Amino acid sequence: MTVLKTSMRNFLAHKGRMALSAVAVLLSVAFVCGTLVFTDTMNTTFDKLFAATSSDVTVSAEGASDSGETTSGNGKPPVMPASVLAEVRKVEGVESAEGSVFSTSVTVVDADKDSLSPTSGAPTIVGNWNDLDARTMEITSGAAPERPDQIMVDADTADRHGLGLGDEIGVINAVGTHLAKISGIADFTVTNPGAAIFYLDTKTAQRALVGESDVYTNIHVTAAAGVSDAQVKKNVLAELGGDYKVQTAAETAEANQKDVESFMSVMKYAMLGFAGIAFLVGIFLIINTFSMLVAQRTREIGLMRAIGSSRGQVNRSVLIEALLLGVVGSVLGAGAGVGLAVGLMKLMGLMGMELSTDDLTVAWTTPALGLVLGVVVTVLAAYLPARRAGKISPMAALRDAGTPADGRAGRIRGAVGLVLTGTGGFALYLAGTADKATEGSLWLGLGVVLSLIGFVVVGPVLASGVVRVLGAVLLRAFGPVGRMAERNALRNPRRTGATGAALMIGLALVACLSVVGSSMVASATEELDKTVGTDFIIQNDGGQPITPQAVKAVKATRELERVTEYKWTEADFTTPDGRTLKNTAITAADPTYATDLRVETVAGELSDAYRPDSMSVHEDFAKDHGIEIGSKVEVAFKDGSTGALTVRAITSSEAVVDAGAMYTSIDTLATYVPADRMPLTQLLFAAAKDGQQESAYRALKDALHDYPQYTVRDQTDYKQALKDQIGQLLNMIYGLLALAIVVAVLGVVNTLALSVVERTREIGLMRAIGLSRRQLRRMIRMESVVIALFGALLGLGLGMGWGATAQQLLALEGLKVLDVPWPTIIGVFIGSAFVGLFAALVPAFRAGRMNVLNAIATE
């Protein structure tokens, strides 16, 4: 009980010094709890949505995916004849059934041809208005569509784009363009999943989306009272046979949920990973806090030992303080996590996915996990300072505050750090020289962990040398104040090393990702320059095929020398070794594609693969199946017949563009696939006539003015799009890493604040002999800048090493250019100095306000 009272008294006496450490615990726990609450809420929301939108039994056309529509190569959804609806209605146990037709392979535009699709990546859905939709949508103005010139839109899309009744919009897909005016606006009665939804009447939907009458993509069945979904499914299968996909409501919801969970899992574990990084950084802050508190209470602990306190009691006293800190920070963090989850929901709302707080899901395991994590991490971080406190002897009561440095411990620490760093460096070397990326990635992971731990351990040893160099370069110009700042940073290398290590972790990851991202862009750009021999690439960014009308418009552009069509389909391959490979992708293109994409071959010429009944395979495929030039591969084309194709080229498997593709000609494909089942063009490549690149670019954009779903890019545009994609990903990662950097900044603030308290008497004496407040504040700011730059130097150097090693693994996949983004690296280094200045503002202000006499009188 005495130990508990002492711990409580010390904790409350130093509550101001504990506050920043508590904030670090709070932020880390909040990130964990917020992530879990947000993902649980998303799962609850989609569970309700799928339950509301699933009929008792759903019959889908052959080729439909488990979770919805699968668009075939012709750009149309798979359908079934309307006669199936009549058959289903006669099945025993069916109360009612209705047909629906819908497609997600559509582009919807307003009168100005601006896209109405969500920017969040959610789908655009066009279908017929039916009773199932009426369960989840309520018409708030106008009326449902009844004629071909009418269409209804969801309220969120209407609000986002300023649409109203009577506005004309166009539905563009593989069938053509269908124009209609808005007849009604419907609001969601369940959570809006972020999709843009448009409704036509049934007959119009069939013609506009499929180009046929009397067909459906799905049939929604309602079971009769007392009949289970499973029984109805069994009866429907008995009536229809195995030609259709039949699912119960539970199966449909589960399939849809799997699609959501695949995205949610990536997001969840990524965010938890960054929370783990924040926890790791917080550990250094907590270690520093308790180390400095123990050092400041050396005389007090010595007196406790002198009057009979045992080592264990002193140890437990410090650990109980850590326990209190962990509990307070974790409880507040769990509450903040719920707030963070609500904030994320609001952010998703701005992106188009309206999530209701009514569905907020806080499982009891979430705050429990946050509490356990926060407390365990805090107590573990405080263990070393507590152990050090237990070793303080009663004689310490007779000395000045502060513990003498342990030279032997420092030497052991340096030796262990060097061994770990050297082992990590060797693992990175093995990763960089690996022959296979999978093998190298294991060495890379080991090297990153060991080198990081090694730098943390050896940090105090490095601090002495690095801080002296930084001091000579940056601080000596400020005279005595600069020299005092340098000596303060060197006074306790262990503390400086731990503070710098907190910042080092976040900046190491930033540097590593910057090098990897920049190298990916540079490699892809070089590969494009080397392999792409065409001027323009035309495609739909959502993956929709290019309609024959658009292809015709492109080919009619007079400024073009050639246009190459690029299609792909699936086939079953039977190779010379007797194995059959199901649903293998094969690319069909015009012979000019061999000029548009300069693919390296290891045998034969790619142009020969476009001869009749010929094809190419890539090197790895050839090795795996014993294929040589002249080998025959039996190819059973999807929606077509089977042919024996001769292998006339073997391409390199190290290609970056179109990696792993196997080519044949469109004429060969047309030999085995009927014209009405031929896949549509996925990409168009166009080359301008000599000297007419700019005019051809403008002419192509004009030619596709009526086809806003397609984008025309020259090579510069394509490279910029690639750079933007990688840049967006990196910016998101940097945003998440900012949490770790915020915690590291708190560490610098806490270290300086406690350091000021530790040096209260010293500061009073310096002020007494003539040091001005301004000089004192400058000294503390300089000390903070040096510590921040020390952490930045270690972090950026370590991160660039990781990034360079990771690039060597990418080189095995064809991305061979190492590009160090020096502007980013230098910018981060300079930014670290400003971080140090910012962190020192409050401690420097408090130091400057100290009363000189009171400071001198401090024990």
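Quantities reported herein were computed from a predicted structural model and do not represent experimental measurements.
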Pair up each side-chain donor or acceptor in residues 569-579 with any protein partner under 3.5 Å, not counting sequence neighbours, and list the distances.
| unit_1 | atom_1 | unit_2 | atom_2 | d |
| --- | --- | --- | --- | --- |
| D572 | OD1 | N583 | N | 2.9 |
| T574 | OG1 | T580 | OG1 | 3.3 |
| T575 | OG1 | D577 | OD1 | 2.3 |
| T575 | OG1 | R579 | O | 3.3 |
| D577 | OD1 | R579 | N | 3.2 |
| D577 | OD2 | R579 | NE | 3.1 |
| D577 | OD2 | R579 | NH2 | 3.2 |
| D577 | OD2 | H625 | ND1 | 3.1 |
| R579 | NH2 | D624 | O | 2.8 |
| R579 | NH2 | H625 | ND1 | 3.3 |

Next on the checklist: I need the Q549 CD to I172 CD1 distance, nearest 0.5 Å.
Outcome noted: 11.0 Å
Checklist entry - Can you list the residues that meet the side chain to side chain donor-acceptor pair (under 3.5 Å) rule with Y672, with sequence neighbours excluded? => result D613
Checklist entry - Judged by modelled atom types alone, do E619 and T651 share a side-chain donor-acceptor pair under 3.5 Å? => result no
Item to check | Distance (rounded to the nearest 0.5 Å) between Q693 CD and E559 CD | outcome: 11.5 Å
Checklist entry - At their closest point, which heavy atom of N173 faces which heavy atom of A208, and how far apart are they? => result ND2-O, 3.0 Å
Item to check | Test item: side-chain donor near acceptor, N218 and S60, under 3.5 Å | outcome: yes
Checklist entry - Are the side chains of L200 and V126 in touch, meaning some heavy atoms are under 4.5 Å apart? => result yes
Checklist entry - Is there side-chain contact between T547 and Y710, with at least one heavy-atom pair below 4.5 Å? => result yes
Next on the checklist: I'd like to check the side chain to side chain donor-acceptor pair (under 3.5 Å) partners of Y697; sequence neighbours left out, ordered by chain and number.
Outcome noted: D717
Checklist entry - Side-chain contact, heavy-atom cut-off 4.5 Å: E212 with K76? => result no
Checklist entry - Under the 3.5 angstrom rule, does the side chain of E251 hit a backbone N or O of T248 as a donor-acceptor pair? => result yes
Next on the checklist: Using every non-hydrogen atom in the two residues, find where A686 and L700 come nearest and quote the distance to one decimal.
Outcome noted: CB-CD1, 4.4 Å
Item to check | Atom pair OG1 (T124) and CZ (F198), whose distance is rounded to the nearest 0.5 Å | outcome: 6.5 Å
Item to check | Partners passing salt bridge (charged side-chain N to carboxylate O under 4.0 Å, His left out) against R207 (at least two apart in sequence or in another chain) | outcome: none
Next on the checklist: For the CG atom of L684 and the CD atom of Q539, what is their distance to the nearest 0.5 Å?
Outcome noted: 10.0 Å
Checklist entry - Q709 side chain to V106 main-chain N or O, any donor-acceptor pair under 3.5 Å? => result no
Item to check | Flag, side chain of T557 to backbone of L560, donor-acceptor distance under 3.5 Å | outcome: no
Item to check | Side-chain touch Y216/V79, heavy atoms, less than 4.5 angstrom | outcome: no
Item to check | T202: side chain to side chain donor-acceptor pair (under 3.5 Å) partners, not counting sequence neighbours | outcome: N128
Next on the checklist: Could you walk me through whether S100 and H220 satisfy the side chain to side chain donor-acceptor pair (under 3.5 Å) test, starting with their C-alpha distance in whole Å, then the side-chain angles of each, then the deciding distance to 0.1 Å, before giving a yes or no?
Outcome noted: CA-CA 8 Å; S100 72; H220 303 293; 3.1 Å; yes
Next on the checklist: Check whether T681 reaches the backbone of L683 with its side chain - one donor and one acceptor, N or O, closer than 3.5 Å.
Outcome noted: no
Item to check | Contact summary for P545 and L680, nearest pair of heavy atoms | outcome: CB-CB, 3.6 Å
Next on the checklist: Could you report the tightest heavy-atom contact between S614 and T664, atom names first, then the distance?
Outcome noted: O-OG1, 2.7 Å
Next on the checklist: Suppose we screen for salt bridge (charged side-chain N to carboxylate O under 4.0 Å, His left out). Which residues come up paired with K555, at least two apart in sequence or across chains?
Outcome noted: E565
Item to check | Any donor-acceptor pair under 3.5 Å from T104 side chain to I125 backbone | outcome: no
Next on the checklist: If we ignore hydrogens and angles and just use 3.5 Å, is the side chain of S519 paired with the main-chain N or O of D819 as donor and acceptor?
Outcome noted: yes
Checklist outcome for this item: CE of M662 to NE2 of H618, rounded to nearest 0.5 Å, is 5.0 Å
Item to check | side chain to side chain donor-acceptor pair (under 3.5 Å) between T671 and T668, intermediate numbers included | outcome: CA-CA 5 Å; T671 303; T668 297; 5.5 Å; no
Checklist outcome for this item: Residues passing the salt bridge (charged side-chain N to carboxylate O under 4.0 Å, His left out) test with K436, sequence neighbours excluded, are none
Checklist entry - Taking side chain as C-beta onward, heavy atoms only, is T587 less than 4.5 Å from Y566? => result yes
Checklist entry - Got a sec, which pairs hit side-chain hydrogen bond (donor to acceptor under 3.5 Å, both in side chains) with one end in residues 593-611, sequence neighbours left out? => result R562-D596, T564-D596, Y593-D658
Item to check | Flag, side chain of Q715 to backbone of T534, donor-acceptor distance under 3.5 Å | outcome: yes
Checklist entry - So with a 6.0 Å cut-off around CG of D435, is the heavy-atom count from everything else above 12? => result no
Item to check | Backbone N/O of A688 and side chain of D535: donor-acceptor pair under 3.5 Å | outcome: yes
Item to check | Contacts of type side-chain contact (heavy atoms from CB on, under 4.5 Å), residue A585, not counting sequence neighbours | outcome: none
Next on the checklist: Please check this pair: side chain of Q807 against backbone of K816, looking for a donor-acceptor N/O pair closer than 3.5 Å.
Outcome noted: yes
Checklist entry - Does L597 reach the side chain of V532, with side-chain heavy atoms less than 4.5 Å apart? => result yes
Item to check | Derivation and outcome, side-chain contact (heavy atoms from CB on, under 4.5 Å), residues M615 and V633 | outcome: CA-CA 9 Å; M615 68 178 295; V633 177; 4.0 Å; yes
Checklist entry - If you count the non-hydrogen atoms of other residues, nucleotides and ligands that lie under 6.0 Å from NZ in K113, is the total more than 12? => result yes
Next on the checklist: Would you compute the distance between atom CE of M800 and atom CG of L818 and round it to the nearest 0.5 angstrom?
Outcome noted: 10.5 Å
Checklist entry - Tell me, which pairs form a salt bridge (Lys or Arg N to Asp or Glu O under 4.0 Å) where one or both residues lie in residues 672-690, sequence neighbours left out? => result none
Checklist outcome for this item: Those residues at least two apart in sequence (or on a different chain) that pass salt bridge (charged side-chain N to carboxylate O under 4.0 Å, His left out) with K203 are none
Next on the checklist: To check you understand the geometry: which heavy-atom pair defines the closest contact between V101 and V210, and what is its length?
Outcome noted: CG2-CG2, 3.8 Å
Item to check | Heavy-atom check, side chain of L444 versus side chain of L809, under 4.5 Å | outcome: yes
Next on the checklist: Walk me through whether D706 and T177 qualify under side-chain contact (heavy atoms from CB on, under 4.5 Å).
Outcome noted: CA-CA 9 Å; D706 292 332; T177 301; over 6 Å; no
Item to check | Flag for K632-T646: side-chain donor and acceptor within less than 3.5 Å | outcome: yes
Checklist entry - Okay, side chain of S631, backbone of E628: is any donor-acceptor separation there less than 3.5 Å? => result yes
Checklist entry - Hey, are the side chains of V554 and V551 touching, using non-hydrogen atoms and a 4.5 Å cut-off? => result no
Item to check | Closest contact, heavy atoms only, T217 versus M80 | outcome: O-CE, 3.4 Å
Checklist outcome for this item: With sequence neighbours left out, the residues meeting side chain to side chain donor-acceptor pair (under 3.5 Å) with D724 are Q720
